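Working notes, beginning with the structure itself.
All values below come from the heavy atoms of this structure, side chains included, with hydrogens, waters and symmetry mates left out. Just so you know, these numbers come straight off a predicted model, no measurement behind them.
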Amino acid sequence: MMKIYICPECGWLRLVSRRKDVECHRCGTTQMTQTNLDFVKYSDMTDQERRDYAQGWLYIHRKSGN
């Protein structure tokens, strides 16, 4: 089963299949967070929609003061 993870620091999305510990290759964060996106929805998204999703996710999940 494919899972989509997001970096809580930079918002980079990564697709993985069997890993639980997922690191960000963009900024080096050692633990990414699993999203609620499924593979079909992710694959149907355009690049712009993926960027918008990541920006929205970061906006919602960032702690106040960041």
Side-chain angles (χ1 to χ4, degrees):
M1 176 176 202
M2 300 301 285
K3 300 174 189 166
I4 294 87
Y5 283 79
I6 189 167
C7 176
E9 297 300 319
C10 71
W12 184 61
L13 293 168
R14 181 172 174 193
L15 190 65
V16 298
S17 60
R18 292 179 275 189
R19 302 183 69 192
K20 290 183 182 177
D21 296 324
V22 181
E23 67 280 350
C24 179
H25 293 293
R26 180 189 271 174
C27 73
T29 297
T30 58
Q31 186 58 46
M32 295 176 75
T33 303
Q34 188 174 351
T35 68
N36 60 356
L37 284 172
D38 64 20
F39 176 72
V40 174
K41 181 166 175 77
Y42 177 80
S43 63
D44 286 342
M45 294 170 86
T46 65
D47 286 339
Q48 183 61 48
E49 289 171 328
R50 292 175 185 172
R51 283 190 294 273
D52 292 344
Y53 177 87
Q55 288 176 352
W57 190 96
L58 288 172
Y59 179 79
I60 292 169
H61 292 90
R62 288 239 166 119
K63 295 178 181 152
S64 61
N66 254 352

**Message:** Please report the interatomic distance CZ(Arg26) to CH2(Trp12), rounded to the nearest 0.5 Å.
**Reply:** 8.0 Å

**Item:** Hphob cluster co-occupancy, Trp57 + Leu13, side-chain heavy atoms under 4.5 angstrom
**Value:** yes

**Asked** Within a strict 4.5 Å, meaning less than it, do heavy atoms of the Arg50 and Thr46 side chains meet?
**Response** no

**Request:** Indicate yes or no for a side-chain donor-acceptor contact from Arg62 to the backbone of Glu9 under 3.5 Å, with no hydrogens or angles considered.
**Result:** yes

**Item:** Considering all heavy atoms, the nearest Leu58-Pro8 contact
**Value:** CD2-O, 3.5 Å

**Complete:** Residue pairs passing the side chain to side chain donor-acceptor pair (under 3.5 Å) test with at least one member in residues 33-43, sequence neighbours excluded, are Asn36-Tyr53

**Request:** Could you pull out the closest heavy-atom pair between Ala54 and Ile6, with the gap in Å?
**Result:** CA-CD1, 3.8 Å

**Asked** Are Met1 and Phe39 close enough that some pair of their side-chain heavy atoms sits under 4.5 Å apart?
**Response** no

**Message:** Enumerate the salt bridge (charged side-chain N to carboxylate O under 4.0 Å, His left out) contacts for residues 10-22, please, sequence neighbours excluded, ordered by first and then second residue.
**Reply:** Arg14-Glu23, Arg19-Glu23

**Asked** How many angstroms lie between atom SG of Cys27 and atom CE of Met32, to the nearest 0.5 angstrom?
**Response** 8.0 Å

